[in-house]
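This chain uses plain numbering: 1 for the first residue, then up along the sequence.
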Amino acid sequence: MKKISVIGAGSWGSTLALLLYENGHDVTLYTKGQKHYEELSQKHTNSRYLENITFPEGITYTYDLKKATQSAECVVLAVTSQATREVLKQMKPHLKPDAVVVNVSKGLELGTNLLLSQVYEEVIGNENFVVLSGPSHAEEVSVKIPTAVVCASKKEEISKDVQKIFSNNYFRVYTNSDVIGVEVGGALKNIIALGSGISDAIGYGANTRAAIITRGISEISRFGKKLGANPLTFLGLTGVGDLIVTCNSKLSRNKRAGALIAKGYNAKQITEQIHMVVEGIPTTKAVYEFAKANNISMPLTDAIYDVIYESHDIKDTVKRLMNRNMKEENLTEDMFINS
């Protein structure tokens with residue numbers, strides 16, 4: 001049994017708290033809101049994020065970050081990408097030196113355009129970091145639908161420990177040594193899902209969605225390779241797997257956001273409609289800026305950025321995408337590097 005604190009009581013953090021408690025661990029779930037804390041601790045429900053789920057009485061709840069952090073052997077960081085740096089700063093004075101931090105959010109930090117492992121390194125400074133990612137809608141995991149994900153750390157023993165902590169008969173965790181690749185796949189698939197949602201909303205079909213997914217993998221791989229990832233990582237759960245689920249599922253908040261973008265909604269209106277942060281929107285900006293600064297060819301990302309941030313007409317943008325210079329698709333590792 002491990003003493004584990006989950007920081008963030010949204011849909012994914014709450015689901016992982018349930019899973020970890022079921023796996024026999026001593027679990028504390030942190031929320032920053034007192035009203036949210038009162039619902040969790042008194043009613044044992046989380047009506048905004050997980051309808052029809054009753055939480056067991058054995059989980060501890062708190063809105064005191066120091067209390068949540070100071071005795072934890074493992075901290076699951078389930079806050080938004082843009083809140084990660086500030087939460088880590090607040091946690092740092094209370095974090096045990098050997099505590100493992102498992103990050104489960106998917107995005108890049110706006111302004112710095114850093115991966116969240118890089119933010120962790122800047123703030124905390126050790127290598128006790130694990131990224132957990134893959135095709136995993138909270139709504140499905142919370143009702144025990146079989147799911148497979150991947151975790152990665154610079155320290156193999158930490159990855160294997162996290163694998164054991166999280167795995168059970170409906171949640172299977174694979175390990176990987178490619179921290180950057182696992183992070184990039186999880187973050188950038190949200191951009192491609194926005195494109196899938198936009199495409200569906202304007203009446204395009206399965207052909208278009210298949211093209212978006214396939215060419216999306218190529219872009220993700222080029223971006224990841226620039227940061228030092230293994231391009232073949234993106235053929236696994238954090239690449240192809242995550243793209244399949246987030247570009248096709250009605251549960252995908254980024255795909256739903258893409259549909260709202262096609263209808264003319266702005267970022268604030270989308271958040272109000274979906275009731276959750278849509279990581280793909282800020283990630284699109286961060287990735288676009290990094291790609292331009294580093295000469296990475298990412299035509300799909302460019303197009304989605306133009307639609308969201310420059311208010312370009314969607315169908316005109318699609319025409320520009322389709323009429324670019326002709327290229328060859330090589331069904332070798334080159335397709336992940338040079339296309």
Is there a donor-acceptor pair under 3.5 Å between the side chain of [X] and the backbone N or O of [Y]?
X: Asn103; Y: Phe129; result: no
X: Thr208; Y: Tyr204; result: no
X: Ser159; Y: Ser153; result: yes
X: Glu183; Y: Leu116; result: yes
X: Asp161; Y: Glu157; result: no
X: Glu279; Y: Ser81; result: yes
X: His94; Y: Lys66; result: no
X: Glu289; Y: Ala286; result: no

>> Thr284 and side-chain contact (heavy atoms from CB on, under 4.5 Å): which single residue from Leu194, Leu188, Val307 fits?
In response: Leu194
> Which of these, Ile220, Thr238, Asn248, sits in a side-chain contact (heavy atoms from CB on, under 4.5 Å) with Leu243?
Replying inline: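 The passing option is Ile220.
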Examine [X] and [Y] and state if one hydrophobic cluster contains both, with Ile, Leu, Val, Met, Phe, Trp and Tyr joined whenever side-chain heavy atoms are less than 4.5 Å apart.
X: Leu19; Y: Val131; result: no
X: Ile7; Y: Val100; result: no
X: Phe171; Y: Ile244; result: no

> Say you draw a straight line from OG of Ser297 to CG of Asp302; how long is it, rounded to the nearest 0.5 Å?
Replying inline: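 Separation between the atoms: 7.5 Å.
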> Centroid-to-centroid, Phe55 to Tyr21, below 6.0 Å?
Replying inline: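 Ring centres of Tyr21 and Phe55 not closer than 6.0 Å.
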>> I want to know whether Tyr61 and Tyr37 have ring centres closer than 6.0 Å.
In response: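 Judged by ring-centre distance (under 6.0 Å), Tyr61 and Tyr37 do not meet the cut-off.
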Electrostatic pair [X]-[Y], nearest N-O below 4.0 angstrom:
X: Lys160; Y: Glu156; result: yes
X: Lys43; Y: Glu38; result: no
X: Glu219; Y: Arg215; result: no

>> If you count heavy atoms of other groups shown closer than 6.0 angstrom to CZ of Arg172, is the number above 12?
In response: no
> Checking side chain to side chain donor-acceptor pair (under 3.5 Å) against Lys106, which of Asn190, Thr80, Asp242 comes through?
Replying inline: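 Among the candidates, only Asp242 passes.
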>> side chain to side chain donor-acceptor pair (under 3.5 Å), that's the test. Do Glu86 and Gln90 meet it? Break it down for me.
In response: CA-CA 6 Å; Glu86 183 57 34; Gln90 293 176 27; 3.2 Å; yes
> Are Ser252 and His137 close enough that a side-chain donor and a side-chain acceptor fall under 3.5 Å?
Replying inline: no
> Side chains of Pro135 and Leu237: does their closest heavy-atom pair fall under 4.5 Å?
Replying inline: yes
> What's the verdict on side chain to side chain donor-acceptor pair (under 3.5 Å) for His312 and Arg320, showing C-alpha distance, side-chain angles and the deciding distance?
Replying inline: CA-CA 11 Å; His312 285 199; Arg320 288 195 297 274; 3.1 Å; yes
